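The next block holds one structure in the form of structure tokens; read it before the comments.
Source: prediction; values computed, not measured.
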Amino acid sequence: FFLFVVMLSFARHLATRSCALTSTRSVTKVPNLINGKFVESKSNKWIDVINPATQELVSQVPESTQEEMKAAVDAAEAAFADWSQTSVPSRCRIMFRLRDLIEKHTDELAELITAEQGKTIADAKGDVFRGLEVVEHSCSMSTLTMGETSENVSKGMDTYSYRQPIGVCSGITPYNFPAMIPLWMFPMAITTGNTFVMKPSEVDPGCPMRLCELAIEAGVPAGVLNVIHGTHDSVNFLCDEPRIKGVSFVGSNQAGEHINKRASANNKRVQCNMAAKNHATIMPDANKESVLNQLAGAAFGAAGQRCMALSTAVFVGETREWIPEIVERAKKLRVSAGADPEADIGPVVSKKAKERVEKLIQSGVDQGAKIMLDGRGVEVSKYPKGNFIGPTILADVTPDMECYKEEIFGPVLICVSVDTLDDAIQLVNKNPYGNGTAIFTRSGAAARKYQHEIDVGQVGINVPIPVPLPFFSFTGSRASFVGATNFYGKSAINFYTQTKTITSSWKDEDIVGAQTVMPILGKN
């Protein structure tokens, strides 16, 4: 392992320690991970990783060369033979050790996330913890991968099945959850006996690389977990490489649809979580104070850069009169660098992201929305160069507006008013996305009607962000997901394994002598 110093402008320099980064002439170089070794790329194309609160250079990540990407797959393919035959309890023990290491290094991982992605330290710790839960679930793989048995399907004949790993798998992870999403992928993949090649986001690779280093420290053998870097070329490589059997992706619709089409054409299993437009339906009988507080957190937390952010509030009937009060809640949220202990909202990830969010806000105003709170131009005196946008609330939004149709991915809440619960259900179901939704009500009948009639994969009842725990699965639907099966839980087991079914015959008459009569199954 190599020594490095992470450039954290907001905090102490991390002490010299083992880490999966190298430092060359004061610029931190992010290496590839190939066959258990962190190796600096020979690429002549490097991408700057920028602290979104300060615009300081944190590190540089390569566009891995074709030779390096091929070497990563070579290592994964070679490791598969032994790793797939390693006992399931042995694999689980490695996950137990990884779980302990992640918990021990949570603060460090959170600092890496905040330096590169911008979210608050508290939110970054939540990012790590939600990924840690998937690691904990993977520790149960001995029972999760159990097969099925049926005795005496015919006289003296039994049928049974078991699950086997599919081979070399790959994962393409996004910038908004640099701990949670990698941990959705590689722990489940390798504990089921596969080997893995990961391409983390080029925007914030530090935390994924540190997680891989912790995995190696936990005992993951050389070649079982590998990392390459880049943008379009590396994505296309993973889609095209014939030895890769499965591709997991979380990110935008444009990228996800491309990956699904290209990888599927090459006979790979694919799972793609994509964009969202999550609605909160607010009924007049809801607990007003609770709703207002939960809306503020779910809409503006992580600067709105969550695929499960509650970006659209559907106010039913008289609840539209609550909008000024949510404005007052939002005004109290503090915008600052993620490392600021008092920050509620950090910067968005890049200048380009900031420009896009501001453009969509303006499009809403131009198309007739009423801006109740404008977070554009917010000033953070200690961080004048940061990509900051304050909480923004648009009212009188209609479904034909660009700000409604597009996933804004910023700290923006758009407010739509309807007359009845039926109107709200119709509105949500007409939207193409199906990641998540929530209803706030004290009526069991209204909640039941909503959960049954709404065409969305994940529904919260008085729960603003209904992301299931790992023993369920993340079940986004419609335009928010394409592919074979969903992420983590039972769906992950189905994705990363294939079923083999055996029918065996051990009959008493086999002991006596040969039988020449045509065998007839199921007669006796």
I need the minimum non-hydrogen distance between [X] and [Y], along with the two atoms involved.
| X | Y | answer |
| --- | --- | --- |
| Ala110 | Val128 | N-CG2, 4.4 Å |
| Ser480 | Ala275 | OG-O, 2.7 Å |
| Glu342 | Arg334 | O-CD, 3.0 Å |
| Ile181 | Pro174 | CG2-CD, 3.5 Å |

Problem set entry | Partners passing salt bridge (Lys or Arg N to Asp or Glu O under 4.0 Å) against Glu257 (at least two apart in sequence or in another chain) | none
Problem set entry | salt bridge (Lys or Arg N to Asp or Glu O under 4.0 Å) partners for Asp107, two or more places apart | Lys125
Problem set entry | side-chain contact (heavy atoms from CB on, under 4.5 Å) against Ser138, all qualifying residues, sequence neighbours excluded | Met95, Val135, Met141, Pro187, Met188, Thr191
For this session: Using side-chain contact (heavy atoms from CB on, under 4.5 Å) as the criterion, list what pairs up with Phe495, not counting sequence neighbours.
Result: Ser248, Arg269, Gln271, Ala484, Thr485
Exercise. Phe186 vs Phe196 aromatic rings, parallel, tilted or perpendicular, using cut-offs 30° and 60°?
Worked result: tilted
Problem set entry | Trace of the ring pair (Phe, Tyr, Trp, His ring centres under 6.0 Å) decision for His279 with Tyr433 | CA-CA 10 Å; His279 295 65; Tyr433 298 109; 9.4 Å; no
Exercise. Can you list the residues that meet the side-chain hydrogen bond (donor to acceptor under 3.5 Å, both in side chains) rule with Asp400, with sequence neighbours excluded?
Worked result: Thr398
With side chains defined as the heavy atoms from C-beta onward, is the minimum distance between [X] and [Y] less than 4.5 Å?
| X | Y | answer |
| --- | --- | --- |
| Asp127 | Cys207 | no |
| Val335 | Val380 | yes |
| Leu238 | Ile172 | yes |
| Asn194 | Ile166 | yes |
| Met185 | Tyr488 | no |
| Asn486 | Phe481 | yes |
| Thr437 | Tyr450 | yes |
| Leu427 | Pro399 | yes |

Exercise. Between Lys449 and Asp422, is there a salt bridge with N-O shorter than 4.0 Å?
Worked result: yes
Exercise. Would you call Glu289-Arg329 a salt bridge at under 4.0 Å N-O?
Worked result: yes
For this session: Check step by step if salt bridge (charged side-chain N to carboxylate O under 4.0 Å, His left out) holds for Glu406 and Lys277.
Result: CA-CA 8 Å; Glu406 292 288 329; Lys277 196 72 175 181; over 6 Å; no
Approximate separation, where rounding is to 0.5 Å, of [X] [atom1] and [Y] [atom2]:
| X | Y | atom1 | atom2 | answer |
| --- | --- | --- | --- | --- |
| Leu394 | Cys415 | CG | SG | 8.0 Å |
| Leu33 | Leu225 | CG | CG | 5.5 Å |
| Gln60 | Lys45 | CD | NZ | 15.0 Å |
| Asp204 | Glu202 | CG | CD | 8.5 Å |
| Leu144 | Thr497 | CG | OG1 | 10.5 Å |

Side chains of [X] and [Y]: is there a donor and an acceptor less than 3.5 Å apart?
| X | Y | value |
| --- | --- | --- |
| Asn429 | Glu453 | no |
| Thr54 | Tyr383 | no |
| Thr441 | Asp285 | yes |
| Glu56 | Asn51 | no |
| Asn278 | Ser311 | no |
| Asp366 | Ser363 | no |

Keeping [X] on the side-chain end and [Y] on the backbone end, is there a donor-acceptor pair under 3.5 Å?
| X | Y | result |
| --- | --- | --- |
| Lys199 | Thr231 | no |
| Ser170 | Gly246 | yes |
| Glu116 | Gly206 | yes |
| Ser264 | Lys261 | no |

Partner residues of [X] under the ring-ring contact (aromatic ring centres under 6.0 Å, His included) criterion, sequence neighbours left out:
| X | result |
| --- | --- |
| Phe474 | Trp184 |
| Phe315 | none |
| His229 | none |
| Phe177 | none |

Problem set entry | CA sep, side-chain torsions, deciding dist, call: Arg320, Asp419, salt bridge (charged side-chain N to carboxylate O under 4.0 Å, His left out) | CA-CA 10 Å; Arg320 67 194 68 186; Asp419 294 327; 3.3 Å; yes
For this session: Could you walk me through whether Lys332 and Asp344 pass salt bridge (charged side-chain N to carboxylate O under 4.0 Å, His left out), step by step?
Result: CA-CA 9 Å; Lys332 296 176 181 178; Asp344 297 305; over 6 Å; no
Exercise. Taking the six-membered ring for Trp, are the ring centroids of His137 and Phe472 within less than 6.0 Å of each other?
Worked result: no
Tell me whether [X] at atom [atom1] has more than 12 heavy atoms from other residues, nucleotides or ligands lying less than 6.0 Å away.
| X | atom1 | answer |
| --- | --- | --- |
| Arg448 | CZ | no |
| His452 | NE2 | yes |
| Lys490 | NZ | no |

Going by atom type alone, with no hydrogens or angles, which donor-acceptor pairs under 3.5 Å involve a side-chain atom of residues 350-361 and a protein atom two or more places apart or on another chain?
| residue | atom | partner | partner atom | Å |
| --- | --- | --- | --- | --- |
| Ser350 | OG | Ala353 | N | 3.0 |
| Arg356 | NH1 | Glu407 | O | 3.0 |
| Arg356 | NH1 | Ile408 | O | 3.0 |
| Arg356 | NH2 | Glu407 | O | 2.9 |

Exercise. Among pairs that include at least one residue of residues 457-478, which meet side-chain hydrogen bond (donor to acceptor under 3.5 Å, both in side chains), considering only residues two or more places apart or in two chains?
Worked result: Ser473-Ser491
Cut-off 3.5 Å, no hydrogens considered: what does the side-chain donor-acceptor table look like for residues 295-309, sequence neighbours left out?
| residue | atom | partner | partner atom | Å |
| --- | --- | --- | --- | --- |
| Gln305 | OE1 | Val349 | N | 3.0 |
| Arg306 | NH2 | Asp123 | OD1 | 3.2 |

